[in-house]
Amino acid sequence: MAPSVLYHCPCLSTSDIPPPPHLPSSSHSFHPLNTLFFCEECDAVRCNRCVSVEVSSYYCPNCLFEVPSASVRAEKNRCARNCFMCPNCRNTLAAVPADPESGDGRIPAGVAEGPYIMYCNYCRWDSAEIGITFEKPTGLAAQLQKYEDSAPDSLEFDRLKEHFDAFLRTSALAASTSGTHHHSTHHSHSLHTNSITAAASAALARDIPGVGKYNPLARSTTGRGYGKDRSVNKDEMTEYRSRSEIAQTAGAGGGEPDVELMNSLEEVGEVASLEQRWENSWVTPLQTKQLKPIRIPLHSKRSKRCPACTHILIKPEQKSQSVRYKIKLMAANYLPGIVIVLPHMRQLRDELSKRNLGKSVAAQVDEPPPGMVAGNTYEFQLNLTNPLYDPIEVRLSVQRVHVSTAPGGTAEKARRPPFAISLPTAKFPISPFAEAWEYEDDEDMFGVEDDELGIGMGSSLSASVRGGREKDGRARPKTVGVLERKANKTVVGGEVVIGKEAQGNVKFNMLVSYTYRSDDAEGGDLGVHPSKPEIRRFEFYTVVDLGPIISREEARMDL
């Protein structure tokens, strides 16, 4: 597994400090940077779990026709035009003449005679196999409506609505009366709700056939009378009887129809798969020759809001043909990007490529799995990228895991990690983001000295960390600290010392704090003396996974 860096979202935590990485709850609190959002109003990171989602528009993914929201429920969330899927391979079906002598299968211009069939260009399925033909090649959904209206599930649902119609009307009248009675009680509270809450409440209060409304005050205000009315309504309803017995059909639960079907099968491919059978809500067909064309489901464009301030984070354009966004506040545009590089793995790959050069595929040495042997010290590099147009100063710190003490005075089982991480403790700058041609005359693009970075002799790092002298007098390369600066990228080195009996993964939480100056001074264009630049500070947690730890015994076996 390659090294990775995940970013923390505090929506599932009671505090801003994330749980230690060895706890199972830690995996649900960290996410990749490209999946996170950033709220400018709250100045906080948001993830897909905590944002509120709203549907902006509905459209067909095949014909890109925009469907009004009022028609979505009536059309059962399906395209009402000529868009159908093959029941076998899910490819888009085309309307072609049923006469095979018409040529290449395409509809000739000016021909309005039928019949026409649906044809799949991939698996060669056509609707003539199940006896479905069309008079004209347009308006296929309207012509197929007669087959859908006569389906057993549609007829059964109409029978259910007819049976419960009187009861639903009585329940709706009672609910509207009780809602008017308690309107004055909740009027003061409704004044504080925003437009989104009001819209959600109205949607939840909408009448749904077959589902009664829950009124929490009805039990306390009506008392026994409520239960009496409820029993009377229940007794007045007649017993419902279904139109057909499902158990007598094939595939509904065993019996003679299923035995006869199994005896008549010649190939296993004649049996419909479970995915194909799930498309039907009533009696599912067991044979592929009984499958019917499927209307393509609608897709939706969704907007996302911050759960705290309801600020819009994601808002796509309404047109179905467009893939642009009106508002797109991604965290990658606000937080520094971090990429992990392991130098020892890069050196190992270079050595293996040299050894395998000129050898056959069978004689080549396979690349060993990534990992670090217990009892050794390894270097790692953090490549930080500044996405802002202002320079930033970054400080890195490792979250320490403390061993708590039980009430009896004895220490609990130590969960201290079996490794030690060394990172630079001093701040280091990262240049602002700019286009490539803007760095041509900038000396910082090609690197700076240690004294300019604040990690020279005045730094708090020790001489061993900064890089000293070997016994033979040669300069030892620096391993911990700022290693390279180029454009808006800075490479920071670190070390990890692994214990001899260590197991698991080298995984630790790292706090990233950065400050930057906002140069949006007010009054500069009006001839007024501009105000001082505002210094802003932001911090966030990440979890760094350097890879698995290989025991010393396994390392010897690999050698």
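Counting from 1, the numbers follow the sequence of the chain as shown.
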Stepwise side-chain contact (heavy atoms from CB on, under 4.5 Å) check, Thr133 with Ser127: CA-CA 7 Å; Thr133 58; Ser127 60; 5.6 Å; no
Is there a side-chain contact between [X] and [Y] in this structure, where contact means two heavy atoms from C-beta onward sitting under 4.5 Å apart?
X      : Y      : result
Leu298 : Val72  : yes
Asn82  : Phe134 : no
Asn88  : Cys120 : no
Ile130 : Trp125 : yes
Val339 : Val5   : no
Ser52  : Thr310 : no
Leu329 : Ile314 : no
Ile117 : Ile132 : no

Mind checking side chain to side chain donor-acceptor pair (under 3.5 Å) for [X] and listing every partner two or more places apart, or none if nothing turns up?
X      : value
Ser56  : Ser303
Glu66  : none
Thr35  : none
Lys304 : Asn48

By ring-ring contact (aromatic ring centres under 6.0 Å, His included), which residues pair with [X], not counting sequence neighbours?
X      : result
Tyr389 : Phe433
Phe84  : none
Phe30  : His8

Verify the neighbour count for atom [atom1] of [X]: are there more than 12 heavy atoms of other residues, nucleotides or ligands below 6.0 Å?
X      : atom1 : answer
Asn333 : CG    : yes
Arg302 : CZ    : no
Glu162 : CD    : no

Which pair of non-hydrogen atoms, one from [X] and one from [Y], has the smallest distance, and what is that distance?
X      : Y      : answer
Ile430 : Lys489 : CG2-N, 4.4 Å
Pro87  : Ile294 : CA-CD1, 4.2 Å
Asn509 : Pro19  : ND2-O, 2.9 Å
Tyr7   : Pro336 : OH-O, 2.8 Å
Leu546 : Pro3   : O-CG, 4.0 Å
Ser4   : Ile340 : O-CG1, 4.3 Å

Between [X] and [Y], is there a donor-acceptor pair closer than 3.5 Å when you use the side chain of the first and the backbone of the second?
X      : Y      : result
Asp126 : Ala128 : yes
Thr542 : Met510 : yes
Ser27  : Pro24  : yes
Asn386 : Ser431 : yes

Full working for side-chain contact (heavy atoms from CB on, under 4.5 Å) between Ser57 and Ser300: CA-CA 6 Å; Ser57 61; Ser300 63; over 6 Å; no
How far does [atom1] of [X] sit from [atom2] of [Y], to the nearest 0.5 angstrom?
X      : Y      : atom1 : atom2 : result
Cys79  : Asn62  : SG    : CG    : 7.5 Å
Leu12  : Ser25  : CG    : OG    : 9.0 Å
Ser322 : Lys301 : OG    : NZ    : 5.0 Å
Asn91  : Tyr119 : CG    : OH    : 11.0 Å
Cys83  : Arg295 : SG    : CZ    : 10.5 Å
Ser29  : Leu6   : OG    : CG    : 11.0 Å

Sequence neighbours excluded - ring pair (Phe, Tyr, Trp, His ring centres under 6.0 Å) pairs with any residue from residues 33-82: Phe38-Tyr334, Phe38-Phe538
Residues Arg305, Glu54: salt bridge by 4.0 Å N-O rule: yes
Run the salt bridge (Lys or Arg N to Asp or Glu O under 4.0 Å) test against [X] and tell me which residues pass, sequence neighbours left out.
X     : answer
Asp43 : none
Arg81 : none
Glu41 : none

Stepwise side-chain contact (heavy atoms from CB on, under 4.5 Å) test for Val96 and Tyr116: CA-CA 6 Å; Val96 298; Tyr116 295 92; 6.0 Å; no
side-chain contact (heavy atoms from CB on, under 4.5 Å) against Ala308, all qualifying residues, sequence neighbours excluded: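 Result, side-chain contact (heavy atoms from CB on, under 4.5 Å) vs Ala308: Cys42, Arg46, Cys306.
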